[in-house]
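Handing you a structure now.
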Amino acid sequence: MDEITINDQFHGRLINALCVTSVAFVVKRDSIMRILVVEDEPGISGFLKQGLEEESYMVDIAENGEKGLHLALSGDYDLLLLDWVLPLKSGVEVCREFRKQFPITPVIFLTAKDTVDETITGLQAGANDYIKKPFHFEELLERIRVQLRTKVNSEEKYTLGPITLFTDKHLVLKGDEQVHLTQKEFALLEYLMKNKNQVCRRTQIIEDVWDIHFDYNTGVIDVFMNALRKKLQFTTNEDYIHTVRGVGYIAKDL
């Protein structure tokens with residue numbers, strides 16, 4: 001066999017091997033959850049990157065809010081870990097801007113802030129969860145797993161009077177008009193509509209919608225309920241979400 005034939009066969013095999021390797025890498029890459037960490041303290045971001053990569057997540061780091069928002073809006077991430085206080089643009093600002101285009105992607109705040117007002121601000125900005133600094137990595141990891149847990153849902157539609165909610169499309173209509181809700185407002189309405197004609201206790205709501213399983217000021221529910229009713233533009237005759245004083249709420253057709 002001459003040298004040219006040998007070289008041709010070698011290069012052919014090499015190209016085929018590279019193609020197979022590339023395909024395998026793409027499949028592996030697509031199957032791995034990608035997390036964006038927006039954190040300006042190198043010690044914390046480095047610790048998170050190392051820990052999460054050891055758990056088989058792909059991790060990118062942004063050290064300020066503007067870079068974080070730019071990367072987040074690429075749509076390449078399955079979850080955002082977002083510091084509250086950031087250079088150039090705050091975590092709350094990043095979350096609000098991100099939510100305009102990505103209403104479903106989970107966002108977890110990393111914050112030293114823990115007052116009720118600050119918590120409400122973060123949740124209203126569109127965060128799914130928050131964890132107070134300093135935190136145990138194992139707790140953060142479990143919160144991430146909860147947010148990324150795969151939910152296999154067929155298309156579901158719920159109705160409440162003139163309101164129609166589509167779970168997979170993350171869409172709410174009142175009549176023929178779309179109602180724009182934050183992720184948490186949507187989750188709250190979905191929960192009430194799924195449990196239509198049943199009284200939903202405040203403790204149930206805080207556990208199932210906010211995934212909080214300890215003593216917590218349930219006043220945050222009232223804030224979101226007021227915002228929800230305002231966006232749904234219920235009139236005085238449209239008491240589709242009724243307050244059961246001292247207990248919780250019930251969604252029912254009139």
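Counting from 1, the numbers follow the sequence of the chain as shown. Worth saying up front: this structure is predicted, and the values here are computed from it rather than measured. All heavy atoms count here, side chains included; hydrogens, waters and symmetry mates do not.
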Do you reckon Ile163 sits in the same ILVMFWY cluster as Ile250, going by side-chain contacts under 4.5 Å, direct or chained?
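Cluster IDs for Ile163 and Ile250 differ.
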Within the supplied structure, the quantity of interest is the number of heavy atoms (other residues, nucleotides, ligands) at a distance under 6.0 Å from Asp176 CG; does it exceed 12?
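Not more than 12 within 6.0 Å, no.
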Taking atom NZ of Lys194 and atom CG of Leu192, what is their separation to the nearest 0.5 Å?
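These two atoms lie 11.5 Å from each other.
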Test Asp208 against Arg201 for salt bridge (Lys or Arg N to Asp or Glu O under 4.0 Å), laying out the working first.
CA-CA 11 Å; Asp208 295 339; Arg201 295 181 175 274; over 6 Å; no
Short side-chain to backbone donor-acceptor contact, Asn128 and Val107, under 3.5 Å:
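Judged by distance alone, yes, a pair lies under 3.5 Å.
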Determine yes or no for a side-chain-to-main-chain donor-acceptor pair under 3.5 angstrom, with Lys184 supplying the side chain and Val209 the backbone.
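Pair found, side chain donor or acceptor close to backbone of Val209.
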Determine, step by step, whether Lys231 and Thr182 satisfy the side-chain contact (heavy atoms from CB on, under 4.5 Å) criterion, reporting the C-alpha distance in whole Å, the side-chain angles of both residues, the deciding distance to 0.1 Å, and the verdict.
CA-CA 10 Å; Lys231 288 185 177 181; Thr182 67; 4.0 Å; yes
Shortest non-hydrogen contact between Leu141 and Tyr57, atoms and distance:
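Shortest heavy-atom contact: CD1-CE1, 3.9 Å.
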If we only count heavy atoms from C-beta on, is the Leu81 to Leu140 side-chain gap below 4.5 Å?
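Yes, their side chains come closer than 4.5 Å.
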Parallel, tilted or perpendicular: ring planes of Phe234 versus Tyr240, cut at 30 and 60 degrees:
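If you compare the ring of Phe234 with that of Tyr240, the planes turn out tilted.
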Give a yes or no on whether the backbone of Arg34 and the side-chain of Asp78 come within a donor-acceptor separation of less than 3.5 Å.
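Confirmed, Asp78 side chain pairs with Arg34 backbone.
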Flag the pair Asp211 and Arg143 as a salt bridge only when some basic side-chain nitrogen lies within less than 4.0 angstrom of an acidic carboxylate oxygen.
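Judged by the 4.0 Å cut-off on N to carboxylate O distance, Asp211 and Arg143 do not form a salt bridge.
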Candidate list Lys89, Arg96, Glu93, test side-chain contact (heavy atoms from CB on, under 4.5 Å), partner Leu69, passing option:
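Exactly one pass, corresponding to Lys89.
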Taking the side chain as C-beta and beyond, is there a heavy-atom pair between Glu55 and Arg145 under 4.5 Å?
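Yes, their side chains come closer than 4.5 Å.
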Taking the side chain as C-beta and beyond, is there a heavy-atom pair between Val94 and Val38 under 4.5 Å?
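No, every pair of side-chain atoms sits at 4.5 Å or beyond.
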Cluster link Val223 to Ile241, ILVMFWY, side chain under 4.5 Å:
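Same cluster.
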Which atom names give the shortest non-hydrogen contact between Gln233 and Glu238, and what distance separates them?
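Between these two residues, the closest heavy atoms are O-OE1, 3.6 Å.
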Given side-chain contact (heavy atoms from CB on, under 4.5 Å), test Tyr249 with Ile221 step by step and report yes or no.
CA-CA 10 Å; Tyr249 298 91; Ile221 300 174; 3.8 Å; yes
Decide whether Ile205 and Val199 are clustered together by the hydrophobic rule: side chain heavy atoms of Ile, Leu, Val, Met, Phe, Trp, Tyr closer than 4.5 Å, transitively.
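Different hydrophobic clusters.
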Would a hydrophobic clustering, with Ile, Leu, Val, Met, Phe, Trp and Tyr connected at side-chain separations under 4.5 Å, put Leu160 with Val244?
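Hydrophobic grouping puts Leu160 apart from Val244.
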Take a 6.0 Å sphere around NE2 of His170 and say whether it holds more than 12 heavy atoms from other residues, nucleotides or ligands.
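More than 12 heavy atoms, drawn from other residues, nucleotides or ligands, come within 6.0 Å of this atom.
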If Ile, Leu, Val, Met, Phe, Trp and Tyr residues are connected whenever their side-chain heavy atoms lie under 4.5 Å apart, and connections chain through other members, are Leu88 and Ile44 in the same group?
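In one cluster with Leu88: Ile44, no.
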Run the salt-bridge test on Lys67 and Asp40 with the 4.0 Å N-O cut-off and return the result as yes or no.
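Here Lys67 does not pair with Asp40 in a salt bridge, since their nearest N and O are not under 4.0 Å apart.
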Report, as yes or no, whether the 6.0 Å neighbourhood of atom CD on Glu177 holds more than 12 heavy atoms from other residues, nucleotides or ligands.
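No, because the 6.0 Å sphere around CD of Glu177 holds 12 heavy atoms or fewer from other groups.
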Closest heavy-atom pair and its distance - Ala125, Arg99:
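So the two residues come closest at O-CG, 3.7 Å.
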Measure from the side-chain N and O atoms of Asp253 to the backbone N and O of Gly161, and report whether any donor-acceptor pair falls under 3.5 Å.
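Present.
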Is there side-chain contact between Val37 and Lys49, with heavy atoms separated by less than 4.5 Å?
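Side chain of Val37 against side chain of Lys49, heavy atoms only: no contact under 4.5 Å found.
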Give the ring-plane orientation class for Trp210 versus Phe224, where under 30° counts as parallel, over 60° as perpendicular and anything between as tilted.
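The rings of Trp210 and Phe224 stand perpendicular, inter-plane angle above 60°.
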Of all the heavy-atom pairs spanning Thr167 and Phe186, show the shortest one and how long it is.
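Shortest heavy-atom separation between Thr167 and Phe186 comes out as CA-CZ, 4.2 Å.
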Test item: Leu171 and Gln178 side chains (from C-beta on) under 4.5 Å apart, heavy atoms
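Yes; the side chains approach each other to less than 4.5 Å.
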Nearest heavy atoms of Leu110 and Phe135, plus distance in Å:
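Between these two residues, the closest heavy atoms are CD2-CE2, 4.2 Å.
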Nearest non-hydrogen partners of Ala127 and Phe109, listed with the distance:
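Answer, listing the atom of Ala127 first, then Phe109: CB-CD1, 3.5 Å.
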Do Asp76 and Asp60 pass the side-chain contact (heavy atoms from CB on, under 4.5 Å) test, and can you show the C-alpha distance, the side-chain angles, and the key distance before you say yes or no?
CA-CA 10 Å; Asp76 290 338; Asp60 290 331; over 6 Å; no
NZ/Lys252 to CG/Asn195 distance, rounded to the nearest 0.5 angstrom?
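The distance works out to 15.0 Å.
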Evaluate Thr159 against Thr164 for side-chain contact (heavy atoms from CB on, under 4.5 Å), listing each step before the verdict.
CA-CA 5 Å; Thr159 60; Thr164 305; 4.1 Å; yes
Could you check whether any side-chain heavy atom of Leu232 comes within less than 4.5 Å of a side-chain heavy atom of Leu189, counting everything from C-beta outward?
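Yes - at least one pair of side-chain heavy atoms lies under 4.5 Å apart.
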